[in-house]
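Sequence lines set the chain letters: A, B, ... in the order given, protein chains first and strands last, and positions in each chain run from 1. Not measured: the values here are computed from a predicted model.
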2 protein chains.
Amino acid sequence: MKTVYNIIIADDHKMFVDGLRSILEQEEDLHILHTTSKGEEVLKYLKINQNEPVDLLITDLNMPGIDGIALNQSIKKDFPTIKTLVISMLEDGAKIKSLTEDGVNGYLSKNAEQTELLKAIRSILSGENYFSVHIQSILIKMLTNSRKTAEVRLTQREKEVLQLIAKEHTTQEIADLLFLSKHTIESYRKNLINKLEVRNLAGLTRYAIEHDMI
Amino acid sequence: MKTVYNIIIADDHKMFVDGLRSILEQEEDLHILHTTSKGEEVLKYLKINQNEPVDLLITDLNMPGIDGIALNQSIKKDFPTIKTLVISMLEDGAKIKSLTEDGVNGYLSKNAEQTELLKAIRSILSGENYFSVHIQSILIKMLTNSRKTAEVRLTQREKEVLQLIAKEHTTQEIADLLFLSKHTIESYRKNLINKLEVRNLAGLTRYAIEHDMI
DNA sequence: TTAAAAATCACTGAATTCAGGGAGTTCAAG
DNA sequence: CTTGAACTCCCTGAATTCAGTGATTTTTAA
């Protein structure tokens, strides 16, 4: 019979990890196997220590290198038995939605209380998912006015072009950089303006920045 | 003879505060007087409890309402005996510089180690200021290539125009909104592009967003 | 395998931006 | 009082963006 749960923590804010550790150490049945500041290291650790059963990964959303979203995807794909709890300081509806689609087991804001953290961990370990009421309302808001959120799915090329636009490159420059015709870039720009429902370069740039694309 | 230092913590990330608390509680001579998630409350608390000597305020940089910068200013003005340590997840050179000018006693990134946190607190309590090597290098970089940072001081009107540009308004619209001639707005746009050393609307928008102007 | 999506290129014409110049007024500080 | 900064307005011409439409090829997914 298993009485101890093994936990891995990934967060580049060491001080936060320290805090998290001191909170979890007060719980007898929660054992921190490993902490790291890089998403890549989690995957490396799991591949090397396949014999050690890991129950839960607690990870930050924003990290250098592999971020929380990509990390969660990899985990769910390669180690589907490991539960994941994402903790973030931001409450980015789109990212939360994306995480849920990837099968994340819980999401907490960093301004959650200690009791809520433990409650979330307990829920997840017992097989339920945990999303705070606040997060749930954000998600619902996302889904209801999905007209605005409406799956503005950009293609790879569109993303590239958008990035370069936001970096102040002119159409001709982008064409040269991507070895495409100037007309092609103009088409992409036009489509982007339509898709993202903005009016001009300023709007495109805002979108790019607000979606962490540059 | 004083052996215990009184500390106040202001941070809207409760989980972080919990962590901080559990770290500081291991130190006998560090006593947490009060924690809060709002900058305003710190000032209120200090005004009410003027009899209690407070030695150190640890505060986050980004908070809703009064942020770390404004809070630090108020503290240094009204309670100059209280030392201040700002902890942030961002390493924003401009904001750090601004804080030092306001007389902050230390700055730490949230990815600092627990040992560094305590070292910083000890330094500050003993009368020295504490800035990590990393932060120092950021500050020096700020000051040395101050050509680029060069106090790009925007006038009130320029800021207004810049904001509206970043909000996707056309020149004509801005002119109408501000009851000015279209030519005037064009002049402002031109000056902004010069002053900020950008090339087009995308650059202006980036500047506006990166400087929290919208 | 077939339909949909993505990627590419093209044309036209109107609207806007960008670059460079000049110039008058007001208001505060030296 | 005068110097400078901020604010306002104007002109020209080139460059770029924006809007609408359409079409071919390749890739992807049903």
Quick test of your reading of the model: are A:D11 and A:K110 salt-bridged, counting only N-O distances below 4.0 Å? yes
Atom-to-atom span, CD of B:E197 to C1' of C:dA19 - whole angstrom: 16 Å
Pair A:N129, A:N105: side-chain N/O donor-acceptor within cut-off below 3.5 Å: yes
Report yes if a side-chain nitrogen or oxygen of A:R199 is closer than 4.0 Å to either non-bridging phosphate oxygen (OP1 or OP2) of D:dC18; otherwise report no. no
Could you list by number each residue of residues 167-174 of chain B showing a heavy-atom separation from DNA chain C of less than 4.0 Å, or answer none if no residue does? B:T170, B:T171
Residue of the set A:L46, A:I7, A:D55, A:I8 for which side-chain contact (heavy atoms from CB on, under 4.5 Å) holds with A:I82: A:L46
For the backbone of B:V133 and the side chain of B:Q136, can you confirm whether one donor and one acceptor N or O come within less than 3.5 Å of each other? no
5′-ward residue of the pair B:Q156/B:L201 relative to DNA chain D: B:Q156
Tell me if a side-chain donor or acceptor on B:Q163 pairs with a main-chain N or O of B:I214 at a distance below 3.5 Å. no
Distance in angstrom units between A:I193 CD1 and D:dT17 P, rounded: 10 Å
Within this structure, what is the CZ-to-P distance between B:F179 and D:dC7, rounded to whole angstrom? 18 Å
Holding to side chain to side chain donor-acceptor pair (under 3.5 Å), I want the full list of residues that pass it with B:T100, two or more places apart in sequence or in another chain. none
Nearest-Å distance for atom pair NZ/P, residues A:K195 and D:dC18: 17 Å
Keeping B:N191 on the side-chain end and B:N194 on the backbone end, is there a donor-acceptor pair under 3.5 Å? no
In whole angstroms, how far is the P atom of C:dC18 from the CG atom of B:N194? 12 Å
Starting at atom CG of A:L178, determine the distance to atom P of C:dA6, rounded to an integer number of angstrom. 18 Å
Distance alone, cut at 3.5 Å: any donor-acceptor contact between the side chains of B:Y207 and B:E197? no
With sequence neighbours excluded, residues passing side chain to side chain donor-acceptor pair (under 3.5 Å) with A:T171: A:R189
Short heteroatom pairs, N/O only, protein and nucleotides 24-30 of chain D, under 3.5 Å:
none

Measure from CD1 on B:I165 to P on D:dT17 and round the result to the nearest Å. 16 Å
Looking at B:A70, is its backbone amide N or carbonyl O close enough to the side chain of B:S74 to form a donor-acceptor pair, meaning the two atoms are under 3.5 Å apart? yes
Enumerate the residues from residues 180-191 of chain B whose closest heavy atom to DNA chain D is under 4.0 Å, giving them by residue number; use none for an empty result. B:L180, B:S181, B:H183, B:T184, B:S187, B:Y188
Salt bridge check: are B:E158 and B:K195 linked by an N-O gap of less than 4.0 Å? yes
NZ/NE/NH1/NH2 to OD/OE distance under 4.0 Å, B:E160 and B:R157: yes
With a 4.0 Å cut-off, would you call B:K97 and B:D102 a salt bridge? no
In this structure, how many angstroms lie between the P atom of D:dT17 and the CG atom of A:N200, rounded? 11 Å
If a protein heavy atom is under 4.0 Å from the base, mark B; if only from the sugar-phosphate, S; if neither, -; do that for nucleotides 25-30 of chain C going 5' to 3'. ------
Would you call B:R199-A:E173 a salt bridge at under 4.0 Å N-O? yes
